[in-house]
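Hydrogens, waters and symmetry mates play no part in the numbers below; they use all other heavy atoms, side chains included.
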Amino acid sequence: MEEQVYNYLISNHIGKNNLIKNIDLRKKFNIKSDKSMRKVIQNIRENKDYYLIVGSISGKTGGFFICQTEEEINETINNIKHRANQMHRMCHVLEWKKEKVLHE
């Protein structure tokens, strides 16, 4: 599935101005859930054989595309870093709470 989605994006959705909405991409490949689609995109991003970068924009106007410019690549990397930092902060808060719960 990853190869088909990757090749489709390369052929039809280069640059964020040509993005495809998540729901439309899911319909095209008969992928039932948003979570499943995100997993396909994650697998593409993590596979070194697929060297072009899949960008994404969140929200109602968002979707997926193949990054065309350095700016699009940097935006994609920074968005992923931001999400990772948010998760990392949440882990610290939960660890702090765990200590409070276990030692009271």
Side-chain angles (χ1 to χ4, degrees):
M1 179 62 61
E2 283 76 6
E3 184 174 2
Q4 292 173 347
V5 170
Y6 180 73
N7 289 332
Y8 175 77
L9 290 173
I10 290 171
S11 297
N12 299 283
H13 299 283
I14 300 288
K16 71 179 177 181
N17 291 334
N18 295 311
L19 63 77
I20 181 170
K21 291 186 172 293
N22 181 323
I23 193 164
D24 296 329
L25 190 58
R26 286 179 17 220
K27 285 178 186 174
K28 175 100 179 131
F29 290 96
N30 198 29
I31 296 173
K32 301 292 184 209
S33 71
D34 179 63
K35 185 176 180 178
S36 297
M37 185 75 253
R38 284 184 279 121
K39 183 62 178 168
V40 168
I41 297 299
Q42 178 183 343
N43 291 342
I44 292 169
R45 285 176 170 165
E46 291 177 352
N47 187 325
K48 291 180 180 178
D49 292 335
Y50 306 129
Y51 64 91
L52 295 177
I53 297 172
V54 177
S56 58
I57 297 175
S58 302
K60 290 187 182 245
T61 60
F64 299 108
F65 59 94
I66 297 295
C67 293
Q68 184 175 33
T69 66
E70 185 175 357
E71 180 182 351
E72 290 172 354
I73 292 169
N74 288 335
E75 259 180 47
T76 297
I77 292 168
N78 289 336
N79 287 339
I80 292 169
K81 282 181 180 178
H82 178 72
R83 288 198 311 270
N85 286 334
Q86 287 177 316
M87 293 174 78
H88 196 266
R89 279 194 304 273
M90 179 61 70
C91 287
H92 284 294
V93 171
L94 294 176
E95 287 170 348
W96 181 86
K97 287 182 176 186
K98 172 185 155 188
E99 290 302 313
K100 291 285 278 184
V101 168
L102 295 178
H103 294 101
E104 283 189 3

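- Here the closest heavy-atom approach between residue Arg45 and residue Ser56 is recorded as NH2-OG, 3.0 Å.
- To the nearest 0.5 Å, atoms CD1 (Ile66) and CG (Asn7) are separated by 9.0 Å.
- More than 12 heavy atoms of other residues, nucleotides or ligands lie within 6.0 Å of NZ in Lys21, so this atom counts as buried by the packing criterion.
- Within 6.0 Å of atom CD in Glu3, 12 or fewer heavy atoms from other residues, nucleotides or ligands are found, so the atom counts as exposed in its surroundings.
- By the 4.5 Å heavy-atom criterion applied to side chains, Asn85 and Arg89 are counted as neighbours.
- By the 4.0 Å N-to-carboxylate-O rule, Arg38 lies close enough to Asp34 to be salt-bridged with it.
- In this structure, the separation between OH on Tyr6 and OH on Tyr51 is 5.5 Å, given to the nearest 0.5 Å.
- Side-chain atoms of Asn30 and Lys32 form a donor-acceptor pair, as typed in the model, at a separation below 3.5 Å.
- Val40 and Ile53 fall into different hydrophobic clusters, defined by Ile, Leu, Val, Met, Phe, Trp and Tyr side-chain heavy atoms under 4.5 Å apart, directly or through other members.
- Note that CD1 of Ile31 is 13.0 Å distant from NZ of Lys39, once rounded to the nearest 0.5 Å.
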Next item on the list: Decide side-chain contact (heavy atoms from CB on, under 4.5 Å) for Ser36 and Met1; before the verdict, give the C-alpha distance in whole Å, the side-chain angles of both, and the deciding distance to 0.1 Å.
Entry: CA-CA 11 Å; Ser36 297; Met1 179 62 61; over 6 Å; no

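- Taking CD of Gln4 as the reference point, atom CD of Glu2 lies at 9.5 Å (rounded to 0.5 Å).
- Between Phe29 and Tyr8, the ring planes lie perpendicular to each other; the angle is over 60°, past the 30° to 60° tilted range.
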Next item on the list: Might you work through the side-chain contact (heavy atoms from CB on, under 4.5 Å) test for Glu99 and Glu95, ending with a clear yes or no?
Entry: CA-CA 6 Å; Glu99 290 302 313; Glu95 287 170 348; 5.9 Å; no

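- Rounding to the nearest 0.5 Å gives a distance of 12.0 Å between CD of Glu70 and CD of Glu75.
- Taking a 6.0 Å sphere around CD of Gln86, one finds it holds more than 12 heavy atoms contributed by other residues, nucleotides or ligands.
- Hydrophobic clustering, with ILVMFWY side chains joined whenever heavy atoms are under 4.5 angstrom apart, keeps Leu9 apart from Ile57.
- When side chains are defined from C-beta on, Ile20 does not count as touching Asn12, because their heavy atoms never get closer than 4.5 Å.
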Notebook entry, point to check: Where do Ser58 and Arg83 land on the side chain to side chain donor-acceptor pair (under 3.5 Å) test, with the steps shown first?
Noted result: CA-CA 12 Å; Ser58 302; Arg83 288 198 311 270; 5.2 Å; no

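- When the shell of 6.0 Å around CD1 of Ile80 is examined, it contains more than 12 heavy atoms from other residues, nucleotides or ligands.
- Taking both residues in full, the closest heavy atoms of Asn47 and Asp49 are given as OD1-N, 2.8 Å, listed atom of the first, atom of the second, then distance.
- Hydrophobic cluster membership is shared by Tyr50 and Met37, with clusters built from Ile, Leu, Val, Met, Phe, Trp and Tyr side chains linked at under 4.5 angstrom.
- No single ILVMFWY cluster, assembled from side-chain heavy atoms under 4.5 Å apart, contains both Leu19 and Val5.
- Taking NZ of Lys16 as the reference point, atom SG of Cys67 lies at 9.5 Å (rounded to 0.5 Å).
- Leu52 and Ile41 fall within a single hydrophobic cluster, where Ile, Leu, Val, Met, Phe, Trp and Tyr side chains are chained together by heavy-atom contacts under 4.5 Å.
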